[in-house]
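To start, the structure itself, in structure tokens.
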Amino acid sequence: MKVTRCEIDGVLLFDLDAYGDDRGLFLETYQKDRYYKAGIKEDFIQDNRSISGKDVLRGLHYQISKPIGQLIYVARGSIFDVGVDLRKSSNTFGQHVSFRLNADDHRQLYLPPGVAHGFCTFSEINEIHYKCTEYYFPDDEGGVNWQDKDLSIKWPIKDPHIHERDSSFPHLKDLAESQLPE
């Protein structure tokens, strides 16, 4: 497994070792000791699965008082995945990282607690698996508008299918400090 440290502290990109032959494919998607040695100190306590059609945009989501770290893996399809650093004390506050992830490249992206997450989809069917460091609390969720020009995210799709709530999230500059991850 190859580990790449990204420009935002704590964000890690994993290239997994995949073993395939005419029977199919095998790969290990998680082993606690390896990920701990790579820099993930948090425990994962919840797994999620998301299925989306083509040209869907989800995000940018985070939790305020119980920030969530996520280990993201695309099991089917292809996505453009984004993390925005919302940690108040971070040197990269307000900056983002983005990656194209697909089921054939066998990569995982780790976004630490305090980094907002969003993605858009390219394939007809896209299945994303997340390992999470915190439980999901709907009343604790925050969001940043995906079109926030100050974030300079170059989303690669036009006119995405997006939930009304996600499109009405405020811009980062309009968020009070109490609305940012603790």
Side-chain angles (χ1 to χ4, degrees), residues 1-6 8 10-63 66-84 96-138 141 143-144 146 153-163 165-166:
M1 175 172 78
K2 177 185 168 195
V3 181
T4 304
R5 298 185 189 303
C6 302
I8 293 178
V11 174
L12 302 170
L13 186 65
F14 297 94
D15 288 283
L16 303 177
D17 296 327
Y19 305 95
D21 58 27
D22 61 344
R23 299 169 297 155
L25 174 82
F26 174 84
L27 62 97
E28 188 176 86
T29 60
Y30 182 71
Q31 186 189 91
K32 185 175 182 171
D33 289 346
R34 270 195 206 144
Y35 287 78
Y36 185 86
K37 288 176 186 171
I40 299 175
K41 305 305 183 209
E42 298 84 11
D43 286 325
F44 293 104
I45 60 172
Q46 179 174 317
D47 284 3
N48 298 332
R49 177 181 177 211
S50 171
I51 298 175
S52 301
K54 187 175 182 172
D55 295 331
V56 169
L57 193 144
R58 296 183 186 269
L60 299 157
H61 304 142
Y62 61 94
Q63 285 191 171
K66 298 177 191 286
I68 265 182
Q70 298 176 47
L71 183 63
I72 301 144
Y73 178 74
V74 176
R76 182 170 34 163
S78 179
I79 69 171
F80 177 78
D81 207 77
V82 177
V84 178
H96 78 278
V97 291
S98 61
F99 301 92
R100 286 183 183 254
L101 302 174
N102 66 69
D104 296 328
D105 66 13
H106 311 299
R107 297 172 112 190
Q108 287 175 315
L109 177 63
Y110 179 68
L111 301 176
V115 175
H117 179 235
F119 64 87
C120 65
T121 60
F122 299 119
S123 302
E124 292 300 321
I125 298 175
N126 304 273
E127 182 176 344
I128 298 100
H129 294 200
Y130 309 78
K131 292 190 88 49
C132 299
T133 63
E134 182 58 84
Y135 297 110
Y136 173 62
F137 295 97
E141 190 171 36
V144 177
W146 70 281
I153 299 170
K154 292 180 174 63
W155 294 98
I157 63 173
K158 303 275 190 239
D159 301 318
H161 180 65
I162 186 167
H163 193 278
R165 177 197 61 164
D166 289 2

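- Outside the 6.0 Å centre-distance limit, the rings of Tyr35 and Tyr110 are not counted as a close aromatic pair.
- Rounding to the nearest 0.5 Å gives a distance of 10.0 Å between NZ of Lys37 and CE of Met1.
- Using a 30° and 60° split on the angle between ring planes, Phe137 and Tyr135 fall in the perpendicular class, above 60°.
- Atoms CG and OH, from Leu109 and Tyr130 in turn, are 10.5 Å apart once rounded to the nearest 0.5 Å.
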- [ ] For side-chain contact (heavy atoms from CB on, under 4.5 Å), just list the numbers for Leu60 and Ile153, CA-CA rounded to whole Å, side-chain angles, deciding distance to a tenth of an Å, and then say yes or no.
- [x] CA-CA 11 Å; Leu60 299 157; Ile153 299 170; 4.1 Å; yes
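- The closest side-chain heavy-atom distance from Leu57 to Asp166 is not below 4.5 Å.
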Open item on the list: Between His106 and Tyr73, does the side-chain contact (heavy atoms from CB on, under 4.5 Å) criterion hold? Intermediate values first, please.
Closed with: CA-CA 8 Å; His106 311 299; Tyr73 178 74; 3.7 Å; yes
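- In terms of heavy-atom proximity, Pro156 sits nearest to Cys120 at CD-SG, 3.8 Å.
- Residues passing the ring pair (Phe, Tyr, Trp, His ring centres under 6.0 Å) test with His61, sequence neighbours excluded: Phe169.
- Atom CG of Asp21 is surrounded by more than 12 heavy atoms from other residues, nucleotides or ligands within 6.0 Å.
- The CG atom of Asn126 sits 9.5 Å away from the NZ atom of Lys54 when rounded to the nearest 0.5 Å.
- The shortest side-chain heavy-atom distance between Ile40 and Phe14 falls under the 4.5 Å cut-off.
- Using a 4.5 Å heavy-atom cutoff, the side chains of Ile79 and Ile128 are in contact.
- The side-chain heavy atoms of Val84 and Tyr62, taken from C-beta on, include no pair separated by under 4.5 Å.
- Closest non-hydrogen pair, Leu101 versus Asp81, comes out as CD1-CB, 4.0 Å.
- Each of Lys2, Arg107, Gln108 was scored for a side-chain hydrogen bond (donor to acceptor under 3.5 Å, both in side chains) with Asp15, with one residue passing: Arg107.
- Closest of all the heavy-atom pairs between Tyr136 and Gln63 is CA-OE1, 3.3 Å.
- Two residues are said to be in side-chain contact when any heavy atoms from C-beta on lie closer than 4.5 Å; Glu134 and Pro113 fail this criterion.
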- [ ] For Asp105 and Phe99, run side-chain contact (heavy atoms from CB on, under 4.5 Å): C-alpha distance rounded to whole Å, both residues' side-chain angles, the deciding distance at 0.1 Å, then the answer.
- [x] CA-CA 12 Å; Asp105 66 13; Phe99 301 92; over 6 Å; no
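- Within the 4.5 Å cutoff, the side chain of Asp55 has no heavy atoms near those of the Asp159 side chain.
- For Leu12 against Val3, the heavy-atom pair with the smallest separation is CD2-CG1, 4.2 Å.
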- [ ] Evaluate the criterion side-chain contact (heavy atoms from CB on, under 4.5 Å) for residue pair Gln70 and Val115; output intermediate values, then yes/no.
- [x] CA-CA 9 Å; Gln70 298 176 47; Val115 175; over 6 Å; no
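- We find the CZ-CZ distance between Arg165 and Arg58 to be 9.5 Å, quoted to the nearest 0.5 Å.
- Taking the ring axis of Tyr36 as reference, the NZ or CZ atom of Lys41 stays within 45° of it and closer than 6.0 Å to the ring centre.
- Considering OG1 of Thr29 and NZ of Lys131, their distance stands at 7.0 Å, rounded to 0.5 Å.
- Proximity of Val11 to Pro112: side-chain heavy atoms (C-beta onward) are separated by under 4.5 Å at one or more points.
- Annotation for Gly118 and Trp155: closest pair C-CH2, 4.2 Å, computed over non-hydrogen atoms.
- Taking 4.5 Å as the limit, some side-chain heavy atom of Ser98 sits within range of a side-chain heavy atom of Phe80.
- In this structure, the side-chain contact (heavy atoms from CB on, under 4.5 Å) partners of His129, at least two apart in sequence or on a different chain, are Arg49, Ala75, Glu127.
- Between the Thr133 side chain and the Phe44 main chain, no donor and acceptor come within less than 3.5 Å of each other.
- Atom NE2 of His117 is separated from atom CD1 of Ile68 by 11.5 Å, given to the nearest 0.5 angstrom.
- Between Asn48 and Cys132 the shortest heavy-atom distance is ND2-SG, 3.3 Å.
- For Ser78 (side chain) and Ser123 (main-chain N/O), no donor-acceptor pair under 3.5 Å exists by modelled atom type.
- Counting only distance, with no hydrogens or angles, the side chain of Thr121 and the backbone of Val56 share a donor-acceptor pair below 3.5 Å.
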